[in-house]
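In this text, all values refer to a predicted model and were calculated from it rather than measured experimentally. Just so it is clear: chains get the letters A, B, ... in the order the sequence lines come, proteins before strands, and each one is counted from 1. Just so it is clear, the values below take in all heavy atoms, side chains as well, and ignore hydrogens, waters and symmetry mates.
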Amino acid sequence: MNKKREKDEHIERLYYMKEDQTDSIDALKSAMNENYDATVIDELLSEDMVELTEDRNKINLTKKGHYYACQLIRAHRLAERLLYDVLGGDFESGACEFEHIVTPELVDSICILLGHPKTCPHGMPIPEGQCCKKSSRTAQSSVIALTELEVGQSARIAYINCKSDPQLHKMDNLRIRPGVVVTLHQRYPAYVIECEGSNIAMDEEIVANICVWRSPEHLQAAGKEAGEKHSGRERFRHGHGASS
Amino acid sequence: MAGYIDSKKEKEWGSLSNPAELKKIVIVGLPNTGKSQVFYNLTGQYTLVANYPFTTVEIKKTKCRIDGETYEVIDTPGLHCLYIHSEEELIVRDMIFSEKPDVIVQCIDANLLKQSLTLTADLLELGIPMVISLNAIDETSRRGVWIDSDGLSCLLGVPVIESIAVNSLGTNQLKAAISKARIGKWPVKYGEIIDSGISAIASGLPEDIRFKRKAAALLLFDDPFLADYLTKKYGSEKITKLTEQVNRIKKQFRANIGHAINNKRSRWVEELAENTTRKQKVTLGEFSKAFSRLSRHPVFGIPILIFFLLMTFLLVVHVAGFLDKILSATLLDPTVGFIEAFFKAEDGSIKAQFWYDFLVGHYGILTLGLFNAIVTVLPILSVFFLMFGFLEDIGYMPNLCVLVKRIFGKIGLTGKAIMPLVLALGCKTMATLFTKSLRSRKEKFIAIYLIAFAIPCAAQLAIDMGIIGRLGNLRLLGFLIAYGTLAIVEIGAGFLLNKTIKDDEKSDFLQELPAIRIPNPKAIIIKTYYRLYWFLKEALPIFIIAAAVLFFVDKIGLLDLTKTVLSPIVVGWLGLPLDIVDALILSLARHEAAAGLLLDMVDAGSLNFIQCVVAVTITTMFVPCFANIVAMCKEMGVKTGLAMTVAINMSSFVLAGILNWILVFTIGRWIL
C-alpha cells in the first residue's frame, strides 16, 4: 500500500468515527486493526490534518483534514452509487462487470471527460464512438428526472432519491427500483407511471426523485419504441430533485 | 383506534398456547389480488368483491370443510410486506403473528407476479406451510405472458395453483393443495454480516417470541410498531439492550441495511420471475389499457365520468320507475285493496280505524315500512347496484383518484386520503374505516369529516337519482344543482378545515391503480344479489320499526308538536312543507327510509322543483347513517366522532337553507 493510500484510509476512518461521534485513539486502532500506523498519524499531524488532545488520547480531524476527508468520502460514495445502484453491481463483493452493464451514453460521457482516448493502458486501440466522431466537448447528463420524460416515453430507472426509508420500501414493494423500465403515462392532474405491468399514480415530488437513464436506444431491448426524436437532442440537463 | 390495536396486542407475538382444535387457513396477498373471491370460492361465504384495492378493510373468519377436515378460514385486507407502512397492514401482520396460522394461502395476481413475490419472500421467511393461488391466469395468457407455475412451485418449494378465481376455476385444485401445503425454501442470503446479525438478535429475543428470525430482521429494519410493542411488553431495559445490539450491527455494516436487504430480495424476485415467465414479443394493443388512460385523462376523463353518471341516472329513473310500477300493481295495490276490503264496514266507513291506519295509513307499517322498502327502494337500489357493481368490477373508480388529485390537494388531502374519499361513493362506513391507513391526524380528521358530510354513498346516490328523476323535464337541471351544491359544500368544508387545522406531516401519494377488466356478469349479479339481500336483512326491520315509531308518535300528538316547534326552521328557513319533518325523522333511522315519503310527496305535487332539490341536498348531508357514526367514533374517538356528527347536522340545515334562498331569488320566478 502506498503512503497516500494509507493516509487516505486513516482519514476516512476518522471521518466515520466522527459520524459515529467517537474520537478516542483506541477506537481508531481497533477499527483499523493491523493497518494502523503511528507514523502515518505523525505525518498527518505535521500536515495539520489531525489534532491530538487529552494527552494524545483523543484524535480529531482539523478543518483542513475534514475538508480533505469530505472529498474522499464523496468520491467513495459516488463510486458506490455508481457501482451499486446505477450499475447494479454486487455490494459486498464490490465486483461488477462494467462493460456489461454500463449504458452507451455513460460510456460516451466518460469518453468525453477523458478527451476521447485512442488506446487503452495496455496499448490496444479503443473503438471509436459517436462522440469521438463528433469530437464532442460537453458531456450530457446521462441521468434525468422521470418528470423530464415526454408522456408515453419509457426509461430505465438509474436510482431513486428517497426522502425516507419507509418511502423507499414502499416503492420497492411496487417494484419501482433501479434497473426497471418505467413508462410515463400522464402528467396532469397527477403523474401516472407504468411499472412492471401495474399503473401507479403519484405526486410530482416522488416522480422528480426517480432518476432514469436518458437513452432511448437503451430501451429497444425492452421492446419499446420510445422517443426516436429524443436521441438527437443536445440539451444539457441535470438530474432534478437530488436533495429533498 | 389505539385501544383497538392495544387490546389485540395482548395476544399477538407472545402466548405460545394455541387452542389448535381447528386448523387455520389465512388468506393473504397484495391489495386487489382476489383474496375475498378465493375466500368465497373456498367457503361459500360471500364478502364484497370488487376490482379495486382495499375492498376488504377488516378481517373476516368462517369455517369450512376441506378433505374431511374442518378449517377456520380467515380473509384479510391487502398486505404488501411484513415491514409495515400502515395500520390496516398492521392488523394483518398482528393477525398472522397472533393466530399462528397452519396454512397461508397467498393470492397472487398473475399480471403482477413480481410485486407479489416480494411478499412471498417475506412469508417464506416465517416458516409456515404455504400454498400460492395464482389468480387471473387467463388475463396473462391473453396478454402473451406465460407463467410456468410448476417451475415456480419447484423453485419456491410450495404448491402453486393456477386459477381464474372470478369463475371459481381452480378452486378444487386449491382445496386439494391446502392439505399438501409445505414450508417453502428460504433461498435468500442477505450476506454474512446481516445474516449473522439476524441470528444474533434472534437469540437475544425474549423466549416466547414467535418467528424470531423475522422479528430480528424487522428490528434491523427499524420497524416502529415492533419496537414499541416489545418495549411495552418486556420493559424498556431489555429492549434497550436489543436496540444496542441492533445499532452495533448497523454500524458494522456501514450502509443502510434496509436497502441491502431489499436489494437482495429484489434480485431473488427478479431471477425467479425471469426463470418462470415467458413473454410474447408482440402483442395487440389492449382496449382496457386505452380505456383506463382515457378515464383519468384531464380532458377525456370528465366526459367519461359524466357519461357514467348520466347513464346510471337514466337507468335508475326509467328502469327503476318501470319496476316500481309493476311492483305497485302486482304487490302494493292488491294488498292495500285486500286490507281495505277487510276493514270496510257495510256502510262504506272503516272499522277499527286505528288498526287500519297502523297497517296501511299514512304512517302504516306496511305502506311506509314493508312496501316502502320493497316497492320503492328495492327497484332503485337493484338497478343502481347493478350499474355500480359494473363500474366497480371494471376498476373504474380508482382512476378517479387521478382526476380529483389537484382539487383534493387544495383542501389539504395530499396523499393517501384521496382513495378513501373516492371509495366513500361506495360505502361511507368502509371508507371511514379505511382511513386507518392515514398517519397524519389532520388528514384523517379532514377525510373522515368529508366522508361523513356531503358525499353520497351508493345507496344515497341511487335514492337521490330516484327522487330527482321524478321531476320531469327539469330533472337533469335538478340533479346538477343538487350535486353541484354538494360538491361545492364538500370542497368548501375541506378548504375551511384545511385552513383551520394545524399542519402536520404530509403523506405521500403513491397509489396503485387496478387494471381495467372486462367484468364477469355473473359476479356482478351475485354481488348485486348480496347487496340487496343485506339491504333487506338490515334495513327492512328498521323501516318497519321506524314506521311504527312514527305512527305512535303521531297518534299521541308528539309529531304535530315537533312540527310546530320546527316550523320556523323547516318552513321559514328551508322553505319546505312541514311534512318533510317525517322524512327527516325517518332518515335518522336510515337514509333510504325517507325515500318513500319524498317520492310520494313529489308525485303528489306537494314538493316543487326548488323544494325537491333542497330536500335531496339536506337528506344527503343530514346525519350520516348509524354505522358511519360508529366507524367515526372508532377512528376518531367517541367525543370527536359525536362532535363531528353534530357539526355536520347543524351545517346541513344552515347550508340547505342558504341553497333554498339562493334558488328562490335566482331561478325562483322563472321556475315556479
Side-chain angles (χ1 to χ4, degrees), chain A residues 12-13 16-17 19-22 31 76-77 80 84-85 88-93 151-152 159-160 162-180 183 185-207 209 222-223, chain B residues 30 80-81 83-85 109 111-115 118-119 143 145 191-193 221-222 224 251 254-256 258-260 262-267 269-270 273 279 281-282 289 292-293 296-298 301 398-399 401-407 409 414-415 418 506 508-515:
Chain A
E12 277 180 54
R13 183 55 59 186
Y16 294 150
M17 283 170 58
E19 278 185 335
D20 298 341
Q21 290 159 351
T22 52
H76 182 87
R77 293 194 172 156
E80 272 181 357
Y84 167 57
D85 258 3
D90 191 317
F91 190 80
E92 283 189 3
S93 71
V151 167
Y159 57 88
I160 296 167
C162 244
K163 73 169 185 204
S164 67
D165 267 9
Q167 193 189 62
L168 183 91
H169 208 91
K170 190 155 182 199
M171 305 253 266
D172 212 84
N173 281 330
L174 299 171
R175 305 288 307 167
I176 305 172
R177 51 173 297 105
V180 170
T183 309
H185 277 319
Q186 191 170 342
R187 216 184 271 282
Y188 190 86
Y191 277 84
V192 177
I193 67 165
E194 184 178 332
C195 169
E196 301 273 18
S198 92
N199 286 315
I200 301 151
M202 52 175 92
D203 283 327
E204 177 158 11
E205 295 144 55
I206 302 178
V207 185
N209 282 337
Chain B
L30 262 53
H80 275 107
C81 67
Y83 173 76
I84 298 300
H85 308 289
D109 178 346
N111 295 299
L112 306 173
L113 182 66
K114 283 188 189 170
Q115 285 89 331
T118 313
L119 174 63
R143 287 196 175 147
V145 176
E192 205 178 310
I193 299 178
F221 253 133
D222 284 328
K251 247 179 217 168
R254 284 232 64 91
N256 190 315
H259 295 207
N262 275 349
N263 273 297
K264 293 278 181 191
R265 206 171 46 186
S266 203
R267 260 179 225 158
V269 168
E270 208 72 43
K279 225 175 184 170
K281 296 225 164 41
V282 286
K289 279 193 175 169
S292 71
R293 241 166 268 165
R296 53 177 186 251
H297 189 275
N399 286 305
C401 282
V402 178
L403 272 187
V404 297
K405 162 90 176 52
R406 298 272 157 148
I407 302 171
T414 49
I418 294 175
K506 235 173 79 178
D508 305 319
F509 180 60
L510 199 62
Q511 179 68 55
E512 295 160 273
L513 305 171

Kindly give the heavy-atom pair with the smallest separation between [X] and [Y], and that separation in Å.
{"X": "Ala190(A)", "Y": "Phe509(B)", "result": "CB-CE2, 4.1 Å"}
{"X": "His185(A)", "Y": "Asn199(A)", "result": "CD2-OD1, 3.4 Å"}
{"X": "Pro178(A)", "Y": "Ile160(A)", "result": "CD-CD1, 4.5 Å"}

Inset, instruction - Check whether any side-chain heavy atom of Cys81(B) sits under 4.5 Å from a side-chain heavy atom of His169(A), and report yes or no. - result: yes
Legend entry - Which atoms of Tyr16(A) approach chain B - backbone, side chain, both or neither, heavy atom under 4.5 Å: both
Legend entry - Residue Leu174(A) versus chain B: region with a heavy atom under 4.5 Å: both
Legend entry - Residue among Arg293(B), Gln511(B), Arg296(B) with most heavy-atom pairs under 4.5 Å to chain A: Arg296(B)
Inset, instruction - Under 4.5 Å, counting heavy-atom pairs only, tell me which of Leu112(B), Asn262(B), Asn111(B) racks up the most with chain A. - result: Asn262(B)
Legend entry - Verdict with supporting geometry, Cys195(A) and Ile200(A), side-chain contact (heavy atoms from CB on, under 4.5 Å): CA-CA 7 Å; Cys195(A) 169; Ile200(A) 301 151; 4.2 Å; yes
Legend entry - Which of Glu196(A), Met202(A), Arg175(A), Arg177(A) touches chain B most, by non-hydrogen pairs under 4.5 Å: Arg175(A)
Tell me, side chain or backbone of [X] under 4.5 Å from chain A's heavy atoms, or both, or neither?
{"X": "Thr118(B)", "value": "side chain"}
{"X": "Lys279(B)", "value": "neither"}
{"X": "Arg265(B)", "value": "side chain"}

Legend entry - Intermediate values then yes/no, side-chain contact (heavy atoms from CB on, under 4.5 Å), Leu119(B) and Leu30(B): CA-CA 8 Å; Leu119(B) 174 63; Leu30(B) 262 53; 3.9 Å; yes
